[in-house]
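Heavy atoms only: backbone and side chains are in, while hydrogens, waters and symmetry mates are out. All values derive from a computational prediction rather than experimental measurement. In the text below, chain A, chain B and the rest are named by the order of the sequence lines, each starting its count at 1.
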Amino acid sequence: MSSMPNFVLLRPETAADAVRLRAAHPDSRFVAGGTDLLPNMRRGLVRTPAVIELAAVRELDFIRRSGDELHIGAACTLAALAADPQVAAALPALSEAARAVAGPTHRASATLGGNLCLDTRCRYYNQSAFWREANQFCMKLDGDGCRVAPRSTRCHAAFSGDVAPALIALDARVDILGTGGVRTLPLAELYRDDGMAWLALGSEELLTAVRVPLTAGWQSAYAKARVRGAIDFPLSGVAVALRRDGEHLAILRIACTGVASRPCAIGGLDILVGRPLDAAAHDIIALAIKRDILAMDTTVAGMAYRRRATAVLAKRLVDRLWQEAG
Amino acid sequence: MKSILSLTLNGRLREDVVPHNTLLLDYLRDGLQLTGTKRGCDGGECGACTVLVDGQPRLACSTLAHGVAGRHVETIEGMRRSGRLDRLQRAFHENLGTQCGFCTPGMVMAAEALLRSNPTPDRETIRSALAGNLCRCTGYVKILDAVEAAAREEASA
Ligand SMILES: Cc1cc2nc3c(=O)[nH]c(=O)nc-3n(C[C@H](O)[C@H](O)[C@H](O)COP(=O)(O)OP(=O)(O)OC[C@H]3O[C@@H](n4cnc5c(N)ncnc54)[C@H](O)[C@@H]3O)c2cc1C
Ligand code: FES
Ligand code: FES
């Protein structure tokens, strides 16, 4: 007896072979740790004739320093990322975000690549086939329209990975391997504001590595609101990176997750550079967050709560980092 | 499609013909009748299916059987020592860390992974290591007591 739909399993040993196989099998899917894809396949949310398993592609499992960047392979597990002393010392937001994903058993197999390419989530989508059918499905799969915003022409499923906002706040870039070679782009550009097509990845493309600048003097942190502290996806997650120069902000970056179809970099913060972190600065931050996030009714906690939680988490992190840097 | 899967299971080398789409959990329970590993949810939520792969805890319900080819897999059936309960199993029994018992195999395997890497964990470390294992009966306190007792026994042995 099998609880899984039928498919052929392919097990390449190099990244180049993985990409070739993906190109040769049009509707195939990569599987890394499997902690997102396999439960989704079991629920009938993902249907594919071929699964390309990345576990044997050892070349993508690394954390290494290269000049003033840290390079992290897509197959690096979140447990390894969370336990790495270099990451904890130089990039605390990344370490904290990796540690905040799911439970310890998930993190032992879950990978960085899988976390960044995580499917978007919605309470009308992450359900059994029986439940979804009773609710006439939705546009993300098998149905029409968005149940969360019935008049919307787009899907509002939320990107809920914890690691992406930390990496976006830290100005990370990603290496993507396709049949034509490698391209590198800012991580924020990997994402689209569309719950059905949230990744700007070509159909055969494989995320191979992340490059994070090791910029001196940056403080960073990640925090999330969730139902159970032990295990849950973020209702809202916020990463902050800042540099303090005496009594002035020299750099401030904020990125959020769980509150839009993509992890969003909060814009318009550059006007705070050269200014103190006072009440007016906090008002500007709160307004920018309100403007850039789009928390919809996609999870168990309501929209108003998640908007407020996002602003509160950001304020706490900014205050904490500012004080620590003082 | 099927192919041959070879792996080490509870210390013994095995080869079986296994369909590609088989989850490790279905291979163990339905293929090999090793029903100690439990299915507690429809995927990734509860930890009842926790086994060890090369000593690391792993959710058998979210792992393909062929994904552990060539690796060392350990299940609750491999925990007994010369026909007797292992120290963790005995500690769960003696400290009432098990009630209905459904979560117990997963709890024991997750605790085993912890004690192998950290034989003297404090209570907070035990809590974090078992954070992904849900129990509907005990309220967790006695489970933490049991793991602490097993660690103490190991330290004094
Ligand atoms: C109970 C539970 C709680 C969870 N809680 C959280 C949480 O709090 N925060 C969180 O962020 N996640 C959470 N998750 C989701 C998941 O466990 C993690 O996001 C994990 O990091 C996914 O990584 P993976 O390697 O297991 O991905 P997989 O399941 O292997 O893959 C996920 C997706 O990414 C694609 N993919 C994988 N690698 C690559 C690559 N290199 N290039 C291109 N595409 C790729 C796959 O095709 C698939 O579509 C939770 C899951 C469960 C079951
Ligand atoms: S059966 Fe529940 S996590 Fe595997
Ligand atoms: S003892 Fe019953 S679920 Fe834990």
Side-chain angles (χ1 to χ4, degrees), chain A residues 1-11 13 29 31-56 77 79-80 82-83 99-110 114 126-131 226 228-233, chain B residues 1-3 5 18-27 29-31 39 41-71 106-107 109-111 113-114 117-118 125-135 140:
Chain A
M1 190 205 86
S2 176
S3 37
M4 290 289 271
N6 228 340
F7 57 80
V8 173
L9 183 67
L10 305 163
R11 307 191 75 212
E13 292 184 2
R29 297 291 292 257
V31 67
T35 60
D36 181 51
L37 188 81
L38 297 178
N40 284 352
M41 286 183 73
R42 229 175 114 174
R43 284 182 159 183
L45 298 177
V46 175
R47 298 155 199 159
T48 174
V51 172
I52 302 167
E53 209 209 33
L54 300 173
T77 66
R99 207 170 309 121
V101 172
T105 312
H106 302 91
R107 295 194 293 275
S109 51
N126 296 95
Q127 299 288 355
S128 65
F130 175 73
W131 193 101
R226 53 176 160 178
R228 297 168 295 179
I231 192 168
D232 279 313
F233 279 95
Chain B
M1 187 139 157
K2 296 181 180 181
S3 53
L5 166 64
V18 179
H20 285 184
N21 65 342
T22 306
L23 292 169
L24 179 56
L25 181 63
D26 295 334
Y27 167 66
R29 289 183 56 85
D30 301 335
R39 177 198 300 277
C41 68
D42 73 351
E45 306 276 339
C46 74
C49 64
T50 307
V51 298
L52 303 189
V53 176
D54 292 343
Q56 295 296 315
R58 180 107 192 191
L59 299 175
C61 75
S62 306
T63 302
L64 292 171
H66 282 281
V68 297
R71 320 266 298 263
M107 289 283 181
M109 298 317 283
L114 169 68
S117 63
N118 178 358
T125 310
I126 301 171
R127 281 173 67 102
S128 313
L130 299 182
N133 292 74
L134 305 191
C135 175
Y140 300 101

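- For a residue to count as touching a neighbouring chain, one of its non-hydrogen atoms must lie under 4.5 Å from one of that chain's; by this rule B:Leu134 touches chain A with the side chain only.
- In terms of non-hydrogen atom pairs under 4.5 Å with chain A, the most contact-rich of B:Leu130, B:Leu64, B:Thr63 is B:Leu64.
- Across every non-hydrogen atom of A:Glu53 and B:Gly67, the tightest pair is OE2-CA, 2.9 Å.
- Each of B:Ser62, B:Gly43, B:Ala129, B:Gly132 has some count of heavy-atom pairs under 4.5 Å with chain A, and the biggest count is that of B:Ser62.
- Side-chain contact between A:Arg42 and B:Leu23: present, with at least one pair of heavy atoms (C-beta onward) separated by less than 4.5 Å.
- Using a 4.5 Å cut-off between heavy atoms, A:Leu38 touches chain B through its side chain atoms alone.
- Only the backbone of B:Cys41 comes within less than 4.5 Å of a heavy atom of chain A; no side-chain atom from C-beta onward does.
- Highest contact tally toward chain B, considering only A:Ile231, A:Asn6, A:Thr35, is held by A:Asn6 [criterion: heavy-atom pairs under 4.5 Å].
- Proximity to chain A is limited to the backbone of B:Ser128, based on heavy atoms less than 4.5 angstrom apart.
- Taking A:Ala56, A:Ala55, A:Ser109 one by one and counting their heavy-atom pairs under 4.5 Å with chain B, the maximum is reached by A:Ser109.
- Every residue meeting the side chain to side chain contact (heavy atoms under 4.5 Å, CB included) condition with B:Thr50, not counting sequence neighbours, appears here in chain and number order: A:Thr105, B:Pro57, B:Leu59, B:Met109, B:Ala110, B:Asn133.
- Contacts with chain B were tallied for A:Pro104, A:Gly34, A:Gly33; A:Pro104 has the most, counting heavy-atom pairs under 4.5 Å.
- With a 4.5 angstrom heavy-atom cutoff, A:Arg11 touches chain B only via side-chain atoms.
- Using a 4.0 Å cut-off between charged side-chain N and carboxylate O, B:Asp42 and A:Arg43 make a salt bridge.
- Residues that satisfy the side chain to side chain contact (heavy atoms under 4.5 Å, CB included) test with B:Thr125, not counting sequence neighbours, are B:Leu114, B:Asn118, B:Pro121, B:Asp122.
- In terms of modelled atom types and a separation under 3.5 Å, the side chain of B:Asn21 and the main chain of A:Pro5 share a donor-acceptor contact.
- No other option in B:Met1, B:Gln56, B:Arg58 has as many heavy-atom pairs under 4.5 Å with chain A as B:Arg58.
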